[in-house]
Number of protein chains: 2
Amino acid sequence: MTTRTTATTPPAPSDEGGRTWTIAEVAEEFGVTHRTVRHYEALGLLSPERRGTTRVYHRRDRTRLGLVLRGRRLGFPLEEIRTIIDLYDAPRGRRSQLEYVLAQIDARRADLEQRRADLEAALTELDGFERRCREDLDRIG
Amino acid sequence: MTTRTTATTPPAPSDEGGRTWTIAEVAEEFGVTHRTVRHYEALGLLSPERRGTTRVYHRRDRTRLGLVLRGRRLGFPLEEIRTIIDLYDAPRGRRSQLEYVLAQIDARRADLEQRRADLEAALTELDGFERRCREDLDRIG
DNA sequence: AACGTTCTTGACGTTGACGTCAACGTAAAG
DNA sequence: CTTTACGTTGACGTCAACGTCAAGAACGTT
(Lines give C-alpha, C1' and ligand atoms only; values in the text may rest on other atoms or scores of the structure.)
Protein backbone atom coordinates (compact mmCIF):
# COMPACT_ATOMS: atom_id res chain seq x y z
CA MET A 1 0.00 0.00 0.00
CA THR A 2 2.45 2.64 1.04
CA THR A 3 5.91 1.43 0.23
CA ARG A 4 6.96 -1.03 -2.37
CA THR A 5 8.60 -4.21 -1.34
CA THR A 6 11.99 -2.96 -0.33
CA ALA A 7 15.46 -4.25 -0.95
CA THR A 8 15.94 -5.95 2.38
CA THR A 9 12.69 -7.86 2.44
CA PRO A 10 12.32 -10.45 5.19
CA PRO A 11 14.74 -13.20 4.20
CA ALA A 12 12.70 -16.32 4.83
CA PRO A 13 8.95 -15.68 4.62
CA SER A 14 8.30 -19.38 4.64
CA ASP A 15 6.68 -19.49 8.07
CA GLU A 16 3.04 -18.85 8.81
CA GLY A 17 2.64 -15.79 11.00
CA GLY A 18 6.24 -15.23 11.98
CA ARG A 19 6.92 -12.09 10.12
CA THR A 20 9.94 -10.12 11.24
CA TRP A 21 11.08 -6.52 10.92
CA THR A 22 14.31 -4.64 10.61
CA ILE A 23 15.29 -1.88 12.96
CA ALA A 24 14.50 0.73 10.31
CA GLU A 25 11.03 -0.70 9.87
CA VAL A 26 10.07 -0.69 13.51
CA ALA A 27 11.58 2.75 14.00
CA GLU A 28 9.63 4.09 11.06
CA GLU A 29 6.47 2.37 12.12
CA PHE A 30 6.54 3.72 15.67
CA GLY A 31 7.82 7.13 14.72
CA VAL A 32 11.13 6.98 16.52
CA THR A 33 14.74 6.84 15.38
CA HIS A 34 16.87 3.71 15.19
CA ARG A 35 19.01 5.34 17.84
CA THR A 36 16.06 5.39 20.19
CA VAL A 37 15.34 1.74 19.52
CA ARG A 38 18.92 0.76 20.21
CA HIS A 39 18.91 2.89 23.33
CA TYR A 40 15.90 1.02 24.61
CA GLU A 41 17.67 -2.23 23.96
CA ALA A 42 20.72 -1.01 25.87
CA LEU A 43 18.43 -0.34 28.82
CA GLY A 44 16.94 -3.80 28.60
CA LEU A 45 13.55 -2.68 27.33
CA LEU A 46 13.90 -4.70 24.15
CA SER A 47 15.88 -7.80 23.30
CA PRO A 48 15.43 -8.60 19.63
CA GLU A 49 16.75 -11.76 18.07
CA ARG A 50 20.17 -11.59 16.48
CA ARG A 51 20.72 -13.11 13.11
CA GLY A 52 24.47 -12.88 12.96
CA THR A 53 25.07 -9.33 14.10
CA THR A 54 21.82 -7.93 12.76
CA ARG A 55 18.79 -7.33 14.92
CA VAL A 56 15.58 -9.08 13.95
CA TYR A 57 12.34 -7.85 15.49
CA HIS A 58 9.30 -10.03 16.07
CA ARG A 59 5.74 -9.18 17.03
CA ARG A 60 6.73 -9.57 20.64
CA ASP A 61 9.29 -6.80 20.27
CA ARG A 62 6.79 -4.53 18.64
CA THR A 63 4.36 -5.11 21.47
CA ARG A 64 7.00 -4.22 24.00
CA LEU A 65 8.02 -1.13 22.07
CA GLY A 66 4.41 -0.05 22.04
CA LEU A 67 4.25 -0.39 25.79
CA VAL A 68 7.48 1.53 26.21
CA LEU A 69 6.26 4.41 24.10
CA ARG A 70 2.96 4.55 25.89
CA GLY A 71 4.84 4.71 29.16
CA ARG A 72 6.97 7.45 27.70
CA ARG A 73 3.93 9.45 26.63
CA LEU A 74 2.71 9.14 30.19
CA GLY A 75 5.98 10.59 31.40
CA PHE A 76 7.48 7.55 33.11
CA PRO A 77 11.26 7.23 33.24
CA LEU A 78 12.58 4.40 31.12
CA GLU A 79 13.99 2.58 34.12
CA GLU A 80 10.56 2.47 35.68
CA ILE A 81 9.01 1.36 32.43
CA ARG A 82 11.45 -1.49 32.33
CA THR A 83 10.48 -2.75 35.76
CA ILE A 84 6.82 -2.54 34.78
CA ILE A 85 6.96 -4.45 31.53
CA ASP A 86 9.42 -6.90 33.03
CA LEU A 87 6.72 -7.49 35.58
CA TYR A 88 4.40 -8.69 32.83
CA ASP A 89 6.93 -11.33 31.83
CA ALA A 90 8.00 -12.17 35.36
CA PRO A 91 7.84 -15.77 36.57
CA ARG A 92 4.71 -16.28 38.65
CA GLY A 93 5.23 -19.83 39.75
CA ARG A 94 5.75 -19.44 43.44
CA ARG A 95 3.34 -17.82 45.83
CA SER A 96 5.92 -15.32 47.03
CA GLN A 97 6.53 -14.20 43.48
CA LEU A 98 2.85 -13.76 42.83
CA GLU A 99 2.40 -11.75 45.98
CA TYR A 100 5.29 -9.54 45.04
CA VAL A 101 3.79 -8.99 41.61
CA LEU A 102 0.41 -8.16 43.10
CA ALA A 103 2.00 -5.65 45.44
CA GLN A 104 3.74 -4.02 42.52
CA ILE A 105 0.47 -3.88 40.66
CA ASP A 106 -1.12 -2.01 43.54
CA ALA A 107 1.72 0.48 43.64
CA ARG A 108 1.46 1.04 39.89
CA ARG A 109 -2.25 1.52 40.08
CA ALA A 110 -1.92 4.09 42.83
CA ASP A 111 0.52 6.01 40.69
CA LEU A 112 -1.72 5.84 37.65
CA GLU A 113 -4.76 6.97 39.59
CA GLN A 114 -2.87 9.94 40.97
CA ARG A 115 -2.07 10.85 37.41
CA ARG A 116 -5.67 10.41 36.43
CA ALA A 117 -6.74 12.78 39.17
CA ASP A 118 -4.21 15.36 38.00
CA LEU A 119 -5.39 14.86 34.47
CA GLU A 120 -9.06 15.32 35.29
CA ALA A 121 -8.27 18.43 37.29
CA ALA A 122 -6.29 19.87 34.42
CA LEU A 123 -9.06 19.13 31.94
CA THR A 124 -11.69 20.63 34.21
CA GLU A 125 -9.69 23.80 34.61
CA LEU A 126 -9.14 23.96 30.90
CA ASP A 127 -12.88 23.70 30.30
CA GLY A 128 -13.63 26.48 32.73
CA PHE A 129 -10.97 28.62 31.19
CA GLU A 130 -12.33 28.07 27.72
CA ARG A 131 -15.82 29.02 28.89
CA ARG A 132 -14.51 32.30 30.30
CA CYS A 133 -12.64 32.98 27.10
CA ARG A 134 -15.76 32.39 25.03
CA GLU A 135 -17.71 34.74 27.26
CA ASP A 136 -15.06 37.38 26.69
CA LEU A 137 -15.35 36.76 22.99
CA ASP A 138 -19.12 37.17 23.12
CA ARG A 139 -18.76 40.46 24.96
CA ILE A 140 -16.46 41.77 22.27
CA GLY A 141 -19.02 40.79 19.70
CA MET B 1 0.75 47.91 49.22
CA THR B 2 3.87 47.00 51.16
CA THR B 3 2.64 47.68 54.62
CA ARG B 4 5.88 47.02 56.33
CA THR B 5 4.22 44.64 58.70
CA THR B 6 6.47 41.67 58.70
CA ALA B 7 10.04 40.93 59.50
CA THR B 8 11.91 38.39 57.40
CA THR B 9 11.16 35.47 59.68
CA PRO B 10 7.72 33.81 60.08
CA PRO B 11 5.60 36.92 59.68
CA ALA B 12 2.72 38.43 61.58
CA PRO B 13 0.04 35.71 61.81
CA SER B 14 -2.95 38.00 62.23
CA ASP B 15 -2.75 39.31 58.67
CA GLU B 16 -5.87 37.80 57.15
CA GLY B 17 -5.67 37.83 53.36
CA GLY B 18 -2.16 39.03 52.68
CA ARG B 19 -0.12 36.35 54.25
CA THR B 20 3.26 35.72 52.71
CA TRP B 21 5.76 32.88 52.79
CA THR B 22 9.47 32.46 52.63
CA ILE B 23 11.15 30.22 50.11
CA ALA B 24 11.83 27.62 52.77
CA GLU B 25 8.15 27.55 53.71
CA VAL B 26 6.80 27.07 50.22
CA ALA B 27 9.45 24.48 49.45
CA GLU B 28 8.61 22.57 52.60
CA GLU B 29 4.90 22.86 51.99
CA PHE B 30 5.08 21.55 48.44
CA GLY B 31 7.70 18.94 49.13
CA VAL B 32 10.43 20.34 46.92
CA THR B 33 13.79 21.94 47.61
CA HIS B 34 14.52 25.63 47.60
CA ARG B 35 16.78 24.92 44.63
CA THR B 36 13.83 23.64 42.68
CA VAL B 37 11.80 26.72 43.52
CA ARG B 38 14.59 29.01 42.40
CA HIS B 39 15.03 26.97 39.27
CA TYR B 40 11.36 27.46 38.41
CA GLU B 41 11.78 31.17 38.93
CA ALA B 42 14.79 31.21 36.62
CA LEU B 43 12.62 29.60 33.95
CA GLY B 44 9.92 32.19 34.43
CA LEU B 45 7.46 29.85 36.10
CA LEU B 46 7.36 31.93 39.25
CA SER B 47 8.04 35.59 39.93
CA PRO B 48 7.77 36.26 43.64
CA GLU B 49 7.94 39.72 45.10
CA ARG B 50 11.32 40.96 46.25
CA ARG B 51 11.62 42.69 49.56
CA GLY B 52 15.14 43.97 49.24
CA THR B 53 16.95 40.93 47.99
CA THR B 54 14.73 38.38 49.66
CA ARG B 55 11.95 36.54 47.87
CA VAL B 56 8.45 36.92 49.28
CA TYR B 57 5.79 34.46 48.13
CA HIS B 58 2.10 35.25 48.00
CA ARG B 59 -0.93 33.03 47.45
CA ARG B 60 -0.63 33.69 43.76
CA ASP B 61 2.84 32.16 43.75
CA ARG B 62 1.64 29.13 45.64
CA THR B 63 -1.15 28.64 43.15
CA ARG B 64 1.28 28.77 40.28
CA LEU B 65 3.69 26.39 41.98
CA GLY B 66 0.84 23.98 42.45
CA LEU B 67 0.06 24.13 38.75
CA VAL B 68 3.70 23.61 37.89
CA LEU B 69 4.00 20.54 40.08
CA ARG B 70 0.82 19.06 38.71
CA GLY B 71 2.18 19.56 35.23
CA ARG B 72 5.39 17.91 36.33
CA ARG B 73 3.53 14.92 37.73
CA LEU B 74 1.84 14.65 34.35
CA GLY B 75 5.23 14.55 32.70
CA PHE B 76 5.19 17.87 30.90
CA PRO B 77 8.47 19.67 30.29
CA LEU B 78 8.82 22.86 32.29
CA GLU B 79 9.01 25.01 29.18
CA GLU B 80 5.65 23.72 28.08
CA ILE B 81 4.22 24.20 31.54
CA ARG B 82 5.33 27.80 31.40
CA THR B 83 3.51 28.48 28.16
CA ILE B 84 0.38 26.90 29.60
CA ILE B 85 0.18 28.79 32.85
CA ASP B 86 1.27 31.96 31.10
CA LEU B 87 -1.77 31.38 28.94
CA TYR B 88 -3.98 31.66 31.99
CA ASP B 89 -2.58 35.10 32.74
CA ALA B 90 -2.38 36.21 29.12
CA PRO B 91 -4.09 39.40 28.01
CA ARG B 92 -7.39 38.62 26.36
CA GLY B 93 -8.45 42.06 25.29
CA ARG B 94 -8.33 41.79 21.55
CA ARG B 95 -10.21 39.26 19.48
CA SER B 96 -7.04 37.94 17.86
CA GLN B 97 -5.58 37.26 21.29
CA LEU B 98 -8.68 35.43 22.42
CA GLU B 99 -8.73 33.32 19.30
CA TYR B 100 -5.09 32.45 19.79
CA VAL B 101 -5.78 31.44 23.37
CA LEU B 102 -8.74 29.32 22.32
CA ALA B 103 -6.63 27.57 19.73
CA GLN B 104 -4.00 26.83 22.35
CA ILE B 105 -6.68 25.47 24.62
CA ASP B 106 -7.79 23.06 21.93
CA ALA B 107 -4.25 21.86 21.39
CA ARG B 108 -3.75 21.36 25.12
CA ARG B 109 -6.98 19.46 25.40
CA ALA B 110 -6.02 17.15 22.57
CA ASP B 111 -2.76 16.39 24.32
CA LEU B 112 -4.46 15.75 27.63
CA GLU B 113 -7.03 13.46 26.07
CA GLN B 114 -4.31 11.44 24.38
CA ARG B 115 -2.76 11.00 27.78
CA ARG B 116 -6.07 10.03 29.23
CA ALA B 117 -6.47 7.36 26.58
CA ASP B 118 -3.00 6.01 27.35
CA LEU B 119 -3.81 6.11 31.01
CA GLU B 120 -7.08 4.23 30.67
CA ALA B 121 -5.40 1.63 28.50
CA ALA B 122 -2.65 1.14 31.05
CA LEU B 123 -5.14 0.80 33.89
CA THR B 124 -7.26 -1.65 31.94
CA GLU B 125 -4.25 -3.80 31.19
CA LEU B 126 -3.19 -3.62 34.78
CA ASP B 127 -6.61 -4.82 35.89
CA GLY B 128 -6.55 -7.75 33.52
CA PHE B 129 -3.08 -8.64 34.64
CA GLU B 130 -4.08 -8.56 38.27
CA ARG B 131 -7.04 -10.81 37.54
CA ARG B 132 -4.77 -13.37 35.89
CA CYS B 133 -2.37 -13.20 38.78
CA ARG B 134 -5.17 -13.78 41.27
CA GLU B 135 -6.32 -16.77 39.27
CA ASP B 136 -2.80 -18.16 39.39
CA LEU B 137 -2.81 -17.58 43.11
CA ASP B 138 -6.11 -19.43 43.48
CA ARG B 139 -4.76 -22.39 41.53
CA ILE B 140 -1.79 -22.61 43.83
CA GLY B 141 -4.19 -22.56 46.76
C1' DA C 1 30.67 42.52 68.88
C1' DA C 2 30.37 37.72 67.81
C1' DC C 3 27.33 34.05 66.42
C1' DG C 4 24.01 31.17 64.13
C1' DT C 5 20.16 31.01 60.85
C1' DT C 6 18.18 31.83 56.77
C1' DC C 7 18.55 33.91 52.62
C1' DT C 8 21.16 35.32 48.32
C1' DT C 9 23.83 34.65 43.79
C1' DG C 10 27.02 32.17 40.99
C1' DA C 11 29.02 28.13 39.09
C1' DC C 12 30.01 23.50 38.33
C1' DG C 13 28.30 18.41 38.69
C1' DT C 14 24.88 14.76 37.60
C1' DT C 15 21.35 11.93 35.51
C1' DG C 16 18.17 10.60 31.89
C1' DA C 17 17.25 10.35 27.18
C1' DC C 18 18.67 10.46 23.50
C1' DG C 19 21.58 13.04 19.03
C1' DT C 20 25.55 12.84 16.34
C1' DC C 21 29.53 11.59 14.33
C1' DA C 22 33.22 8.01 13.14
C1' DA C 23 34.66 3.79 11.42
C1' DC C 24 33.52 -0.35 9.91
C1' DG C 25 30.82 -4.86 8.05
C1' DT C 26 27.64 -6.87 4.55
C1' DA C 27 24.60 -7.80 0.97
C1' DA C 28 22.02 -6.78 -3.14
C1' DA C 29 22.41 -3.65 -7.51
C1' DG C 30 24.70 -1.72 -11.39
C1' DC D 1 33.98 -5.57 -8.58
C1' DT D 2 32.61 -1.33 -7.05
C1' DT D 3 28.83 1.28 -5.45
C1' DT D 4 24.96 2.04 -2.52
C1' DA D 5 22.08 1.25 1.21
C1' DC D 6 21.46 -0.31 5.51
C1' DG D 7 23.42 -2.36 9.61
C1' DT D 8 26.76 -2.52 13.57
C1' DT D 9 29.50 -0.79 17.78
C1' DG D 10 31.78 2.76 20.35
C1' DA D 11 32.25 7.31 22.03
C1' DC D 12 31.36 11.92 22.73
C1' DG D 13 27.73 15.91 22.66
C1' DT D 14 23.47 18.01 24.28
C1' DC D 15 19.50 19.47 26.80
C1' DA D 16 16.44 19.46 30.72
C1' DA D 17 15.97 19.40 35.54
C1' DC D 18 17.75 19.81 39.03
C1' DG D 19 21.90 18.70 43.05
C1' DT D 20 25.80 20.47 45.25
C1' DC D 21 29.12 23.22 46.86
C1' DA D 22 31.15 28.07 47.77
C1' DA D 23 31.00 32.54 49.50
C1' DG D 24 28.79 36.13 50.98
C1' DA D 25 24.57 39.38 52.94
C1' DA D 26 20.76 40.36 56.53
C1' DC D 27 18.92 39.82 60.79
C1' DG D 28 17.78 38.34 65.58
C1' DT D 29 20.13 36.32 69.77
C1' DT D 30 23.59 36.10 73.23
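Keep in mind that the numbers below use all heavy atoms, side chains included, and drop hydrogens, waters and symmetry copies. Just so it is clear: chains get the letters A, B, ... in the order the sequence lines come, proteins before strands, and each one is counted from 1.
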Using a cut-off of strictly less than 4.0 Å, decide whether A:Thr22 has a side-chain nitrogen or oxygen near OP1 or OP2 of D:dC6. no
Only residue of B:Arg73, B:Arg70, B:Arg116 satisfying salt bridge (Lys or Arg N to Asp or Glu O under 4.0 Å) with A:Asp118 is B:Arg73
For nucleotides 9-13 of chain C, list the nitrogen or oxygen atoms of the protein found under 3.5 Å from its nitrogen or oxygen atoms, one pair per line.
residue, atom, partner, partner atom, Å
C:dT9, OP1, B:Arg50, NH1, 2.9
C:dT9, OP1, B:Arg50, NH2, 3.1
C:dT9, OP2, B:Arg55, NH1, 2.7
C:dT9, OP2, B:Arg55, NH2, 2.6

Between B:Thr124 and B:Glu120, is there a donor-acceptor pair closer than 3.5 Å when you use the side chain of the first and the backbone of the second? yes
Going from CG on A:Leu65 to CZ on A:Phe30, what distance comes out if it is rounded to the nearest 0.5 angstrom? 4.5 Å
Partners passing side-chain hydrogen bond (donor to acceptor under 3.5 Å, both in side chains) against B:Arg134 (at least two apart in sequence or in another chain): B:Glu130
Taking side-chain hydrogen bond (donor to acceptor under 3.5 Å, both in side chains) as the definition, give me every residue that meets it alongside A:Gln97, ordered by chain and number, with sequence neighbours left out. none
Please confirm whether the backbone N or O of A:Leu45 pairs with a side-chain atom of A:Arg64, one donor and one acceptor, at under 3.5 Å? yes
Closer than 4.0 Å, any side-chain N/O of A:Thr54 to the OP1 or OP2 of D:dC6? no
Does anything in residues 72-90 of chain B reach DNA chain D, meaning a heavy atom under 4.0 Å, and if so which residues? B:Arg72, B:Pro77, B:Leu78
Holding to salt bridge (Lys or Arg N to Asp or Glu O under 4.0 Å), I want the full list of residues that pass it with A:Glu29, two or more places apart in sequence or in another chain. A:Arg62
Across all chains, not counting sequence neighbours, the ring pair (Phe, Tyr, Trp, His ring centres under 6.0 Å) partners of B:Tyr88 are A:Phe129
